Every structure is written in C-alpha cells, then in structure tokens.
Amino acid sequence: MAQITITLPDGSSREYPAGATAADVAASIGSRLAKAAVAATVDGIEADLHAPLTDGAEVAIVTADSDAGRDVLRHSTAHVMAQAVTRLFPGAKFSIGPAIDDGFYYDFELPDGRTFSDDDLAAIEAEMRRIVGEDQPFVRSELEPHDALELFADQPYKREIIERVTSAGADETDAVDVAPGSAISVYRNSDAFVDLCRGPHVPSTGKLGHFRLRKVAGAYWRGNEKGPMLQRIYGTAWESERALAEYLHRLEEAEKRDHRKLAVELDLLSFPSQIGGGLAVWHPKGAIIRKLMEDYSRLRHEHGGYEFVYTPHLANARLFETSGHLDFYADGMYPPMEMDNGTYYPKPMNCPMHCLIFDSRQRSYRELPLRLFELGTVYRYERAGTLHGLMRIRGFTQDDSHIYCTREQAPDEITSLLDFVLSVLRAFGFDDFTFHLSTKDPAKFVGGDDLWDDATSALRQALDRHGLEYTVKDGDAAFYGPKIDIDVRDAIGRAWQLSTIQYDFNLPERFGLEYVGADNERHRPIMLHRALLGSIERFFGVLVEHYAGAFPTWLAPVQVRVLPVATAHEAYADEVVARLGAVGARVDVVPATDQLGKRIRSAKMEKLPYVLVVGDDDVEAGTVGVNPRGGEVERGVSVDEFVRRFTDEVTSAADLALSA
RNA sequence: GCCCGGAUAGCUCAGGGGCAGAGCAACGCACUCGUAAUGCGUAGGUCGUGGGUUCAAUUCCCACUCCGGGCUCCA
C-alpha cells in the first residue's frame, strides 16, 4: 500500500497509509490529542478531521480548547440547534449561524410569523441534547451550484447565499459563513437535516454537549433595516462543562457589576424618564466622583502643557458646513433649531470650535505645538434602541484636546502624548492596554498619499518608540487621517475602547489654518484629535464596573465612616470626624441608634473604604478600631496614625501619576 | 427606528376577573450594644398611561409611554 508523508507543526514528518486522515494523525500522536481534536488545519486551511490527506501536507490538529477549536465547536453546535428547530418547527427557514465571541447564534424565520418564547428555548435545548445523544456524523459533500439551489429549494436565505457565492465580484464584507468563490459545500447530519456550510465541523454531534441557549432576539437579515426581521437565538458552547460554568459565572459577575444596577444601589445617578432617554442626572455621590475625575483630569492637563478653553454648546449651521460635519456626520447630529438669524445645531464635536480659537489671530511657529483642552459637552443623536446606561447616551462630556503642530513635530508630540495617556489611565487603575493602528480606507479618504504616509509613520513611530505591540486595522481610519485607538482591559477581562489619538490634515485645510514659519512663509499646521478618558460619563460607567462599585479611596464618595459603639461615644466620634475633615477626608458618622453590627453591614454594602469603630477603649486611649474594606480589623490604632496612613494613601494616588 | 420581552411600594419580587401582598429600605418606640441584619409598631400603591370587553379589570384585549435584550461600524 502507498504511503504518504505528513509534516507536523514541530517540523517532524510521519508516514501514513494513503487515505489517512487528520483524525488518524491525531490518534497516532496520542489518545488525549485524538480525544481533544475537533478539526485540523491542512496546509494552513481549516479542514474536517476525517478529510483524506494528500502526500506532503502540513497538518496541525485543532483542539477544542483553542480559539479555533471553540469556533468549530460553536459553529457545529449552531448546526445542531438548527436541526432541533427544524424538528420542532417544521417549515422554519434558516439563514446563517456563525460562531461569535463566547458562543454562536442562528437566525430563523418561522412559518406564519411565529416567534420564539423562553419555553421554546428550553424545548429546543432539550431537542439539541437528544441530537447530541444520537451522535450523528457531520458528513461533508460538495455540490454544483445548480444542485445546491435545488437542494435548498424551500430555503430562500440559503439560496440567496449560494447565489451570492457563485456570482462574481460578490460583496466580500458580508458576514456570512461562506466566502465568495469557494466551492458549495454542505454538511449532512442525518437524512433529515442538511445545511449549507463552509465547515469545518466536528466529526459527529457526540463531540458537543457543553452548551446553553441564552436568549432570543430580533435581527435583520444581513443587518439591513429594510430587510426581513428574523428570529435569532443566541447560545454559548465550550470545550468542557467546567469552561461553560466559568463562562456562566463570568456573565453573572458582569451582571453584578452592571453600572446601571450599581448606580441605583449606591445612589450615584439616575435616568428619569421625565427627562428622556439617554440623559442622566447625577446624584451627590455620583457627582462627587465625577468631580474628582474631572479635577484630576484638569490637574494633569495643567501639568501637561495644555491650555484650557471653553466653547458653546450650539453653533450656526455654517460652522458645521465648514467643518464638513453636516456632510459626513449629519446622522449623528441632533435636529436643527431655527432661530432669528439662522439655523443652529447642538455641537456633536468640539474640534470646529477649537479651530476657530486657533484661527482667531495670526499664529507663529513659536506657539506650536498649541494644545487646547476642554471638558466639552457634546450632543449626538443615538437611535433610541441603541441607548445603554452611561455607555451610550445622547449628551456627554469629552476630555477633549486638539493639538496644532507642524508635520515635523508630530512624531515627538504623539510619542509624549502616548506617555501622557497611559499615565492617566494607570492612575485610574488600568494597566492592561491594547493598541490598534487604523490606516487609510482606500474607498473613503481625503488628502494625498504623502500626507497619509507621513501621518501613519508618525503614529507607528510613536508606538515603536514605546516598544508597544499593536494590531493594524487596514482601512479603518477616518476619512481625514489615521489613528491609534487604545483599549483597556477591566478587572474581569473585558476590553473597553477608551482613548483615541487621531491625525487630521483635513480640518486645518477646511478652516484654512495657517502659522508663520521661521522662514517667514505661511504654512498649514496639522491637527491631532485626542480624547483620553473619552466620554467622562462612559468612563465613569467603566470605572463603576471595573471596581464593582468599590472605588479606590481617593475616588470614594464617602472615604471614612465613624461608628460610635454607644451614644456615650458620639462626642469622641465627632472629634475623630473633625480630625479627618481637617485633612480633607470625606467622612461621616452614624450614631448608635442601630446596633453596631447593622451599621457595619450597611457601611460594607455601601462599599466604603474605611469604617472606624470607637468605644470606651478608644475614648480612653485616643485610638480607633480600623475596619478596612477587604482587610482585617485592627484595634487600638491611634488617631494620628490613622490620619497619617489615610493621607499617605490618598496623596500617593495622585503623586504616582504626576511623577510618571 | 425595527423585532422580542417587560412594567405591582424607594429597592428586590410574589400574586391573580371579586377588599393589594412579602422581605429589605423609610419613619416611630424600646434596646446603648466592640466589628456584615435586635425587637415591636407605623406609614407607604389609581398594580406605567389611555381605551375596550365584563355585573366587576391590577389581572383578558388594543394602542401608547418608558425600561431591558438584540439589529455592520463608531465616543
């Protein structure tokens, strides 16, 4: 019998009989690998485990506990769900069912406009478990388009995909599970179920099982508002029961940290419906935190060489015609207001106003870089259904800066800007960053190639000088210039896009900005847009979730609570409060009308950093009992000592950041 | 905006065509207590709004409002 040679990822080669499959390769390496295998990559292309290999192929086994492996599991689980739905809802049409982050979904159209309920979800899940128990093989076959269209005669969405795949020049950006130009492949699970799919899939449904259906949602066919509304079922699937349980636990944890829930519990802010969707009012405890954030931001900008400006919330439409916002951003703007001498809009961005400040008089190269900073409140019209707590609202305040400088200054300016941004984010407790460089979209840009090359290399240089790893998002730039986006990872591993540094040569052009150079000629500056926390409101929401409401001492609305053990100790408690108040502590006292245990519990529920208990011993000795959040109780700490520790802790937060 | 779901006391939630319920919170009284819930009591509601069906609607039906989950990208 003929032999074939297979190369493994470590470079070694092995011989197998002709017709061997990746499953055979996995089995020959070890039984554990064979068990964990869900698919393979053959010469870099994902393939089924039981596809026959060709001589000389490079084979890597994809295991269930890798990202690629989980994608295969999830995608296969989506198929099982589709099969379950067709069993339970005859006549259901199905469209696409991809793997997504942490799970999968599948979109269906049910006969007579029926919709799924939660009870249906339970029934579908039960049916899925039966299918898993049946251990049906996933059998791949490839078809001619004509035969595929016939096979899916009563599945209009599948037919549309097939037609799109087979038509030349198909739109490549479509998020369907079939790439244009590829062969039409289908997977058959049983006589009763066959699905159009690129694959790969696990060998059989018995490989699956650690899944859970999560929710039903409406979703437009191909994301198009004008297209039909389908019924989407979201599920999650993992390589083991343990990984599934961990994921479900993470969801619970995220729910507990939801800033909207904590905002109510901790009395931080609310969204009164009388005001309208996406518009918050800040209660005293939320407002003090926000004030501290803003004060800190101002302090850092003052030290960072920024000049403070203020600009109005409304502007004449002419301004946004000049800036181009009415051409490019009209959808995101509030509707216009007609007033005596013209049309006015609430500003969606601060940059046009800052350009007018630059342009208010002649500028010299000696003034550059000119860094204008504003906590500027902007209004953006977000569709009602997209509003989400503080994370997406209709009016918000940016810690916004526009830096005007020469093209030559840009690399150094961006380099120090990166330092500045990271140092401020660190002060708020973030230290895990991801960087993205977005480059020119060939379909949508202004400015010449040399400008773009120059700008992109300035950003790249800054990242390289800091030795930062970054991913490049080709074609993701705004039309006016490339940008760096910075994501932070929070305490439970979620990524939030916060900061952005955008290079802009368009706006200076539009506003005709000029400075006089050392050569006595007029030159055009370039402009850097830079938001650091981004939206103060959103950043506040991220902080609430990052800290789960337990703000670090320097940001906590109430830093210290003093609890007299009994009424007799209240006078002494007031003395302690006065001592702490004198060093600027936010401190309060709760008298002994309730039992001590209950008052401690309340303070813990409010997540206060320090509870000080004072009783007979303390009055006698001038001490306090210190009960820190998340720490051990310590009796008999002198008031002087506690005041010293407290001030050290609070000032070190700001000092650390200022010296960085 | 569109699809689905929801709305009962400040919060969390139960109930159900026939007098509106609990726990926590609030308020009062008693207790004066050393580190995560003392006891008793009081008050709190047009059951989101409007219309319909019914002898009777918080409950069933319709519309609306608001909230939540989703619907390419983006603060």
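Since the model is a prediction, treat every value here as computed from it, not as a measurement. Below, chains carry the letters A, B, ... as their sequence lines are ordered, and counting in each starts from 1.
- Nucleotide G10(B) holds its C1' atom 12 Å from the NE2 atom of His283(A), rounded to whole Å.
- A salt bridge links Lys256(A) and Glu253(A); the closest N-O separation between the charged side-chain nitrogens and carboxylate oxygens is under 4.0 Å.
- Residues Arg561(A) and Asp588(A) are paired through a salt bridge, judged by an N-O separation under 4.0 Å between the basic side chain and the carboxylate.
- The minimum heavy-atom distance between Pro156(A) and Lys93(A), with the atom names listed, is CD-CD, 3.3 Å.
- Other residues, nucleotides and ligands contribute more than 12 heavy atoms inside 6.0 Å of the NZ atom of Lys604(A).
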*Sequence-aligned protein contact record of nucleotides 68-74 of chain B, with B where the base is within under 4.0 Å of a protein heavy atom and S where only the sugar-phosphate is*: SBBBS-B
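- At a threshold of 4.0 Å, the pair Arg489(A)-Asp487(A) does not count as salt-bridged, since none of the basic side-chain nitrogens sits closer than that to a carboxylate oxygen.
- Residues Arg601(A) and Leu533(A) both approach RNA chain B. Their nearest nucleotides, taken by heavy-atom distance, put Arg601(A) toward the 5′ side.
- Residue contacts shown for Ile393(A) include a base, since a base heavy atom lies under 4.0 Å away.
- Contacts of Val633(A) classified as side-chain contact (heavy atoms from CB on, under 4.5 Å), with partners at least two apart in sequence or in another chain: Asn627(A).
- Residue-to-nucleotide proximity on RNA chain B shows that, of Leu498(A) and Val264(A), the 5′-proximal contact is made by Val264(A).
- The residue Glu265(A) sits apart from the nucleic acid: no heavy atom pair falls under 4.0 Å.
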*asked:* Treating primed atoms plus P, OP1 and OP2 as sugar-phosphate and everything else as base, which nucleotides of nucleotides 25-34 of chain B get B, S or - for protein heavy atoms under 4.0 Å?
replied: S-----BBBB
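- Scanning all heavy atoms of the two residues, the minimum distance from Leu375(A) to Ser297(A) falls at CD2-OG, 4.4 Å.
- Residue contacts shown for Met391(A) include a base, since a base heavy atom lies under 4.0 Å away.
- With the 3.5 Å cutoff on both pairing distances, Watson-Crick and G-U pairs in RNA chain B assemble into runs of at least 3 at B:1-7 with B:65-71, B:10-13 with B:21-24, B:26-30 with B:38-42, B:48-52 with B:60-64.
- Rounded to the nearest Å, the gap between the C1' atom of A43(B) and that of G48(B) is 23 Å.
- By the side chain to side chain donor-acceptor pair (under 3.5 Å) test, Tyr610(A) pairs with Glu649(A), sequence neighbours left out.
- Taking the P atoms as reference points, C11(B) lies 15 Å from A25(B), given to the whole Å.
- The ring pair (Phe, Tyr, Trp, His ring centres under 6.0 Å) test applied to Tyr329(A) returns no partner, not counting sequence neighbours.
- For the pair Leu262(A) CG and C11(B) P, the computed distance is 16 Å after rounding to whole Å.
- Ion pairing between a basic and an acidic side chain is recognised when a charged N comes within 4.0 Å of a carboxylate O; Glu575(A) and Arg579(A) show no such pairing.
- To the nearest angstrom, C1' of G5(B) lies 15 Å from CZ of Arg214(A).
- Per the geometry, CD1 belonging to Ile600(A) stands 8 Å off C1' belonging to A36(B), to the nearest Å.
- In this structure, Arg250(A) contributes its side chain and Ile492(A) its backbone to no donor-acceptor pair below 3.5 Å.
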